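This is the structure I have questions about; it appears just below.
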Amino acid sequence: MEADKKPRLPRSPWSDLPLDIGGLVFSRLPRYADRTAFALVCPQWRDAARQQVLTLPLPVLALPDGTFYSIFYPKLYSFPGCGFAGYESVCGSWLVFPRDDGCFLVNPFSRASFMLPALSSVRLRPPNAVAKWSLEDGSQVADPYTTWMHINTSEKLHISKLLLCSPNLVAALVGTGHTSQILMCQPGASSWSVRAYDQCKGFEDMAFYQGKLYAIANDENLLVVNISQDHSTGDPQVSRIRQIIKGEPWYPAVSEDNTMCCKKLYLVESHGVLLMARRAILCRVPGPGAVPSEVVPGMSGFEVFKADLEHSQWVKVSTVGDDQLLFLGRRCSRAMSVSQYGLPGDYILFLDDDEENRMDYCYDRENTSFGAYKMGSDGVLFPHPYISWKLCDEMRLAAWLFPRDR
């Protein structure tokens with residue numbers, strides 16, 4: 001009997017899996033949660049995951065309660081080992097958690113993290129800046145216009161947009177809702193920097209494009225933000241903001257049929273071109289003078305324009321590309337090539353992620369999802385029956401999260 005026993009072959013531990021084979025296995029995993037779990041097995045597998053060069057994966061839809069969806073995979077999932085509920089903004093592949101001592105950023109895919117300064121720690125330029133006021137009809141108004149000094153103590157102050165432009169540059173739109181200002185710092189710095197007397201604007205979005213920071217407000221003027229270094233600290237700071245494209249905007253107005261168009265603007269780079277996407281939302285109103293709680297949004301449509309920087313103009317385009325999807329959100333937007341995934345292009349995927357303290361209307365439905373707009377079409381699709389969430393303040397911060405940010 002002993003002679004009939006076959007010799008037992010030695011088994012190599014999983015940690016001995018060659019890096020190239022481990023990287024191949026890693027690249028075949030379709031779900032981001034599986035990739036995260038792969039990297040948690042052991043240091044060798046983590047190295048294999050880090051060394052693998054991947055095609056830019058499709059984004060995840062993140063909800064503030066810690067739920068994550070892959071929009072092309074019909075199941076929700078959580079990241080192994082921890083939860084990420086309670087974030088208050090998203091920046092590329094980073095979730096942002098404001099704290100009393102600063103902003104804590106964590107990447108749920110790599111588990112990397114770092115800190116940014118608290119909004120209470122802002123270096124003024126000039127350092128002795130004060131708010132200036134005047135009296136009009138017995139009321140105190142900002143003079144000559146609203147600046148950082150008029151909004152910096154507001155309880156409504158929050159980060160509405162955060163951009164990691166480079167390893168040494170972070171830009172943020174910080175404000176109270178309808179008005180905001182551009183702040184800058186570098187990761188790990190002790191304070192933000194702001195030009196205290198620059199006029200606050202109704203900023204809609206920012207984008208870092210070809211090494212420069214661009215911003216757009218509701219007037220659709222494209223602004224370029226010139227950046228310099230503080231001579232004493234080496235920290236980045238705004239040196240000048242100038243207009244390079246004058247917009248031709250339209251503003252909400254009630255029509256004779258008691259409808260009104262509201263809009264949202266987004267900046268996104270696609271195929272080396274800076275695009276402005278304008279979302280028009282047809283709303284029902286009871287009549288002139290209606291307050292936002294009486295305005296009900298209806299159908300949406302989109303127009304897309306490319307920035308012709310040479311001729312300082314917006315040029316309308318009829319397509320974003322047969323292989324391109326635009327993922328638009330107030331906190332994070334990206335354009336992606338999707339032909340390698342076998343997905344149709346020339347679509348815009350968007351969220352009802354309204355800005356805090358900046359609601360122009362009030363929804364009459366309980367739930368929402370992401371919408372899909374085919375360029376040149378007349379309507380919007382809601383393509384995923386498994387993904388929806390409640391339209392409430394707690395879930396307002398739904399956002400696109402990109403596993404491999406540029």
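Source: prediction; values computed, not measured.
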Exercise. May I ask you to decide if D257's main-chain N or O and S255's side chain share a donor-acceptor pair within less than 3.5 Å?
Key: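 Side chain of S255 to backbone of D257, a donor-acceptor pair under 3.5 Å: no, none is there.
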Quiz item: ring-ring contact (aromatic ring centres under 6.0 Å, His included) with Y363: which residues, sequence neighbours excluded?
Solution: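 So Y363 forms a ring-ring contact (aromatic ring centres under 6.0 Å, His included) with Y361.
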What side-chain donor-acceptor pairs closer than 3.5 Å can you find for residues 271-292, not counting sequence neighbours?
unit_1	atom_1	unit_2	atom_2	d
H271	NE2	D323	OD1	3.4
H271	NE2	Q324	NE2	3.4
R278	NE	E220	OE2	3.1
R278	NH1	E303	OE1	2.6
R278	NH2	E220	OE1	2.8
R278	NH2	E220	OE2	3.3
R279	NE	S300	OG	3.0
R279	NH1	D352	OD1	3.3
R279	NH2	S300	OG	3.1
R279	NH2	D352	OD1	2.9
R284	NH2	D364	OD2	3.3

Exercise. Indicate yes or no for a side-chain donor-acceptor contact from Y214 to the backbone of L267 under 3.5 Å, with no hydrogens or angles considered.
Key: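 A pair under 3.5 Å: no.
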Practice problem: Look at atom CG of D322 and say whether more than 12 heavy atoms of other residues, nucleotides or ligands are closer to it than 6.0 Å. | Solution: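 Counting other residues, nucleotides and ligands, CG of D322 stays at 12 neighbours or fewer.
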Self-check item: Residues R123 and D230 bridged, charged N to O under 4.0 Å
Solution: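 Here R123 pairs with D230 in a salt bridge, since their nearest N and O are under 4.0 Å apart.
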Quiz prompt | Sequence neighbours excluded - salt bridge (charged side-chain N to carboxylate O under 4.0 Å, His left out) pairs with any residue from residues 157-186 | solution =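 Non-adjacent pairs meeting salt bridge (charged side-chain N to carboxylate O under 4.0 Å, His left out): K161-D205.
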Quiz prompt | Residues that F104 engages under ring-ring contact (aromatic ring centres under 6.0 Å, His included), provided they are two or more places apart | solution =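 Checked F104 against ring-ring contact (aromatic ring centres under 6.0 Å, His included); zero matches.
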Self-check item: Donor on one side chain, acceptor on other, N218 and E204, under 3.5 Å
Solution: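 There is no such pair (donor and acceptor under 3.5 Å, judged by atom type) between the side chains of N218 and E204.
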Quiz prompt | Spacing of CG belonging to L222 relative to CZ belonging to F305, to within rounding of 0.5 Å | solution =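 Reported value, rounded in 0.5 Å steps: 13.0 Å.
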Quiz item: Between F203 and Q181, is a side-chain contact (heavy atoms from CB on, under 4.5 Å) present by the stated rule, with each step listed?
Solution: CA-CA 8 Å; F203 285 111; Q181 191 53 275; 4.1 Å; yes
Self-check item: Test item: H158 side-chain N/O and K156 main-chain N/O as donor-acceptor pair under 3.5 Å
Solution: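 At least one qualifying donor-acceptor pair exists.
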Quiz prompt | Contacts of F302 that satisfy ring-ring contact (aromatic ring centres under 6.0 Å, His included) - sequence neighbours left out | solution =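 With neighbours one apart ignored, the set is F350, Y373.
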Show me the donor-acceptor pairs within less than 3.5 Å that the side chains of residues 238-252 make with the rest of the protein, sequence neighbours left out.
unit_1	atom_1	unit_2	atom_2	d
S239	OG	N226	O	3.1
Q243	OE1	N221	ND2	3.3

